[in-house]
Amino acid sequence: MARHLITSALPYINGIKHLGNLVGSQLPADLYARYLRGRGHEVMFICATDEHGTPAELAAAKTGEAVADYCARMHGEQAALARGFGLSFDHYGRSSSDRNRALTQHFAGRLADHGYISEVSEKQVYSIDDARFLPDRYIEGTCPNCGYDKARGDQCENCTKLLDPTDLIDPRSAISGSTNLEVRETKHLYLRQSALKDQIAAWIDSKTDWPILTTSIARKWLNDGDGLQDRGITRDVQWGVPVKRGDKDWPGMEGKVFYVWFDAPIEYIAATAEWADANGKTDADWRRWWRKDEGAEDVTYTQFMGKDNVPFHTLSFPATLIGSDEPWRMVDYIKSFNYLTYAGGQFSTSQGRGVFMDHALEILPADYWRWWLLSHAPESGDSEFTWENFQQSVNKDLADVLGNFVSRITKFCRSKFGETVPEGGAYGPEERALIEALTTRIRAYEGFMADMEVRKSAAELRAIWVLGNEYLQSAAPWSSFKTDPEKAAMQVRLGLNLIRLYAVLSAPFIPFTAKAMAEAMGTADAGWPDDVEQAMMALQAGHAFTTPDNLFAKITDDQRAEWEDRFKGVRK
RNA sequence: GGGCCUGUAGCUCAAUUGGUUAGAGCAGGGCGCUCAUAACGCCUUGGUUGCGGGUUCAAGUCCUGCCGGGCCUACCA
């Protein structure tokens, strides 16, 4: 039994997340966490809402709420949706928590004490009417290159040219449209990543088993141009962790907050502390997951994230941990994902494009989404969601292959033997061949799951389901029942045990259905089939079961057409 | 502009890292079965691996040039 710390990238607070967000981090992280728990490992699975920064302030202003109220409300909504999707976080924290505030300030203090913080005076665009400094992308104007009139201060979306805000013709605030802008001087703290470059590079070089997607992004930042650049870690906004040096004030930094990307990854640690607080645990209980000097030496730490998050997890967060000169557990493996696309374009929270978590649960149970998203996870490249593919996959894999298997065996047993596991008969060559085939495939499944090969795991699980149908077809208990009822009894008993086996194996992918299957079989035995032959004797003759309703209703063509139409535009 | 990723059957993806005849699922075709959600099983049709060069005994895999798609480019997160 090993100890596994698992974190999912933190979903940003400003709205309901879409399926692309879900499949890029939280869902595969949940798959892995559930699998490891199923194998009996000790797991700490952490996620949280990422609540600070300009977009949260603007989203709150739009609804007229105070930003703290807005975040509290949205956290509640996101937490409810996470539960709806069966995301089995040990704790779903908030980056605005007291724990994170204290820890973020602690790290900043440690970094400053070790000379890894510098103060930099810089000029930034200030909007007098908005009463705030504007990040480059919140300044709009006419592109000097192509004349596009909605170019952003960082880049023109029309001609893709990189810009400085001062390049724009007729610049205006993207928030209010005000042209009442001026350049002001402001002072910020910078994390001296350049001074930590060699240590980070050596650390990245040691990760030879990481996906190319992950290491290549890190190397680009490490080696591009003059190498890893120092990074501003404070901002002139209201909503964030106030800048402090440990628990002391930071002269000259009054009224400023830490940059959201500085405090967000620290929330992985803080959320574990929140877990302790929420469950009556001690500090030692959470620190044994994070501090190598307090028990975390044997922890394996895995992070899940979309590819856009990689630089922060391979560079700035490690720089924070290394620079603190404290023995924090650093990530052992980063599993990163490409993007899920929707009807040829991107899912977009800001544009309301695609299918969102709340709407998804309105129209279908979570397991449908979990299965499709995981079995099509964008691991090797971007992958596309289409309603036709979704309908076909779900109907075939879940309704026909798995659901119908459960249906045929339970209904046959009910009509011939009643709702009790029948007794009699002994295994023949077919049963031994089945157990051998199951063993081979289950071992392969375990290998893929351990390697976080999500799509391959799904394909293997499906193949395991198919074995059940193949067996029934060749064993044909409906025929043997006529000539040799004891043989049919044995075959059916094996079939019922297959349902329990499938419940155990499938739980990481489709936890709700797995639970329904186990309950129908009247068992709480979730023992992992280390020995398949043993596992096929979990349900003994005389054990009562119930015949479940169909586990999965098929998606009809009418439904597909309706949803295709409903979700083709922009979220209201 | 620069960097990285990517292009394999109608569709979604594999291919043990350069090694026999490029494999699965879905969709299509045929046969079988009748327990089951018109479900299941078996068989089967589909590929000049984007295009052109090159290296090699051997290239989907390595190099190079085109063409297409995507991501990142440090002040969105």
Side-chain angles (χ1 to χ4, degrees), chain A residues 9-14 50 52-56 58 122 124-125 133-139 152-155 160-162 164-165 174 188 193 211-213 215-217 219-221 223-225 228-232 235-236 259-261 264 306-312 315-316 338-339 341 344 346 349-350 375-376 378-384 386 388-389 392-393 395-401 403-416 453 455-456 458-459 462-463 466 468-479 481 488 491-492 495 549-554:
Chain A
L10 309 186
Y12 196 67
I13 194 71
N14 69 338
D50 174 18
H52 293 138
T54 307
L58 297 179
E122 55 194 16
Q124 243 178 41
V125 174
F133 282 95
L134 296 177
D136 290 355
R137 68 166 45 204
Y138 283 101
I139 303 161
R152 292 191 322 225
D154 57 343
Q155 184 171 23
T160 73
K161 186 177 171 60
L162 297 178
D164 273 329
H188 282 298
Q193 298 186 140
I212 290 178
L213 180 65
T215 51
S216 66
I217 293 172
R219 289 214 168 81
K220 165 77 161 89
W221 285 52
N223 302 322
D224 195 39
L228 188 60
Q229 300 296 297
D230 296 343
R231 188 162 187 127
R235 291 292 183 274
D236 287 299
Y259 175 42
V260 56
W261 262 117
K307 57 185 167 183
D308 53 328
N309 274 302
V310 167
F312 302 99
L315 303 168
S316 53
N338 290 280
Y339 290 143
T341 61
Q346 277 196 24
T349 305
S350 57
S375 61
H376 294 78
E379 290 177 298
S380 57
D382 292 351
S383 67
E384 182 168 9
T386 66
E388 187 182 9
N389 185 305
Q392 280 181 355
S393 297
N395 285 355
K396 193 69 190 175
D397 298 348
L398 296 182
D400 295 346
V401 175
N404 182 54
F405 171 78
V406 172
S407 200
R408 60 196 300 205
I409 189 75
T410 51
K411 286 175 182 170
F412 180 77
C413 185
R414 181 174 61 181
S415 76
K416 303 301 185 208
E453 293 270 13
R455 279 189 313 224
K456 287 180 182 173
R462 186 190 191 281
V466 166
N469 283 312
E470 287 174 356
Y471 170 73
L472 277 191
Q473 192 64 33
S474 66
W478 49 89
S479 296
F481 183 75
Q491 293 165 334
V492 166
D549 294 334
N550 287 345
L551 294 175
F552 300 98
K554 290 195 191 188

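Below, chain A is the first sequence line, B the second, and so on; all start at residue 1.
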By the 4.0 Å heavy-atom rule, please label A:Lys456 as base, sugar-phosphate, or nothing. sugar-phosphate

If you look at every strand shown and take non-hydrogen atoms under 4.0 Å, does A:Glu388 touch a base, only sugar-phosphate, or nothing? nothing

Distance check, rounded to the nearest 0.5 Å: A:Asp164 atom CG versus A:Ile139 atom CD1? 10.0 Å

Specify the separation, in whole Å, of atom CG of A:Asn309 and atom P of B:C72. 11 Å

Indicate whether the side chain of A:Arg455 and that of A:Ser380 have a donor and an acceptor atom separated by less than 3.5 Å. yes

How many whole angstroms separate atom CZ of A:Arg462 from atom P of B:A24? 14 Å

Within the 4.0 Å heavy-atom criterion, would you say A:Asp50 contacts the bases, only the backbone, or no part of the nucleic acid? sugar-phosphate

Name the nucleic acid region contacted by A:Ser380, choosing base, sugar-phosphate or nothing; use a 4.0 angstrom heavy-atom cut-off, strictly under. sugar-phosphate

Using a cut-off of 4.0 Å between protein heavy atoms and nucleotide atoms, how would you tag nucleotides 38-47 of chain B 5' to 3' with B, S and -? -SBSS-----

Tell me what A:Leu315 touches on the nucleic acid: a base, only sugar-phosphate, or nothing, going by heavy atoms under 4.0 Å. nothing

Please tell me which of the listed nucleotides, B:C4, B:C11, B:A74, lies nearest to the side chain of A:Asn389? B:C11

A:Asp549 CG to B:A36 P, in whole Å, measures 15 Å

Is there a side-chain contact between A:Leu58 and A:Tyr138 in this structure, where contact means two heavy atoms from C-beta onward sitting under 4.5 Å apart? yes

Are A:Phe481 and A:Val492 packed together at the side-chain level, in the sense that at least one heavy-atom pair is separated by less than 4.5 angstrom? no

At less than 4.0 Å, is any side-chain N or O atom of A:Tyr339 found next to OP1 or OP2 of B:C72? Yes or no. yes

In whole angstroms, the gap separating C1' of B:C35 from NZ of A:Lys416 amounts to 8 Å

Inter-residue atom distance A:Asn389.CG - A:His376.NE2, 0.5 Å rounding: 4.0 Å

Output yes when a side-chain donor or acceptor of A:Asp136 lies under 3.5 Å from a complementary backbone atom of A:Pro165, and no otherwise. no

Between B:U12 (C1') and A:Asp397 (CG): distance, integer Å: 11 Å

Before giving the answer on side-chain contact (heavy atoms from CB on, under 4.5 Å), spell out for A:Arg408 and A:Asn469 the whole-Å C-alpha distance, their side-chain angles and the decisive distance to 0.1 Å. CA-CA 9 Å; A:Arg408 60 196 300 205; A:Asn469 283 312; 2.8 Å; yes

Looking only at B:C76, B:A77, B:G2, the nucleotide nearest the A:Trp261 side chain is B:A77

Give the nucleotide from the list B:U12, B:A36, B:U73 with an atom nearest to the side chain of A:Lys411. B:A36

Syn/anti state of B:U12 by chi, 90° boundary around 0: anti

Nearest-0.5 Å distance that lies between atom CZ in A:Arg219 and atom CG in A:Leu228: 13.5 Å

With C1' as the reference atom in both, quote the distance from B:G50 to B:G7 in angstrom, rounded to an integer. 6 Å

Side chain proximity check, A:Trp478 to A:Lys416, heavy atoms < 4.5 angstrom: no

Whole Å only: how far is the CZ atom of A:Phe412 from the P atom of B:U37? 14 Å

When the nearest nucleotide of RNA chain B is assigned to A:Arg455 and to A:Pro55 on a heavy-atom basis, which residue is associated with the more 5' position? A:Arg455

Calculate the interatomic distance between A:Asn223 atom CG and B:A74 atom P; express it in whole Å. 17 Å

To the nearest angstrom, how far is A:Lys220 atom NZ from B:C4 atom C1'? 8 Å

Quick check: does any side chain N or O of A:Glu384 sit under 3.5 Å from a backbone N or O of A:Thr341, one acting as donor and the other as acceptor? no

Please report the shortest heavy-atom distance between A:Gln491 and A:Pro477, naming the atom on each side. OE1-CA, 3.2 Å

Enter syn or anti for the glycosidic conformation of B:G46, syn applying to angles within 90° of 0. syn

For the side chain of A:Asn550, counting heavy atoms from C-beta on, which of B:U37, B:C33, B:U12 is nearest? B:U37

B:U16 and B:C4, which share atom name P, separated by this distance in whole Å: 23 Å

Out of B:A74, B:C33, B:A77, which has the shortest distance to the side chain of A:Gln229? B:A74

Side-chain H-bond candidate by donor/acceptor type, A:Lys307 with A:Asn338, under 3.5 Å: yes

With sugar-phosphate meaning primed atoms plus P, OP1 and OP2, does A:Gly403 contact a base, only sugar-phosphate, or nothing at under 4.0 Å between heavy atoms? base

Is A:Ser383 touching bases, backbone alone, or none of the nucleic acid, heavy atoms closer than 4.0 Å? sugar-phosphate

Report the residue (A:Phe312 or A:Lys307) whose heavy-atom-nearest nucleotide on RNA chain B is the more 5′ of the two. A:Lys307

Considering every strand and a 4.0 Å limit on heavy-atom distances, what is the contact class for A:Arg235: base, sugar-phosphate, or nothing? sugar-phosphate

Given pairs defined as Watson-Crick or G-U wobble with both distances under 3.5 Å, what dot-bracket annotation applies to RNA chain B, with ( ) intrastrand, [ ] crossing, | other strand and . unpaired? (((((((..((((.....[...)))).(((((.......))))).....(((((..]....))))))))))))....

On a plain distance test, is the side chain of A:Gln392 in donor-acceptor contact with the base of B:C11 below 3.5 Å? no

Can you figure out which of B:C75, B:C35, B:C26 approaches the side chain of A:Glu122 most closely? B:C75

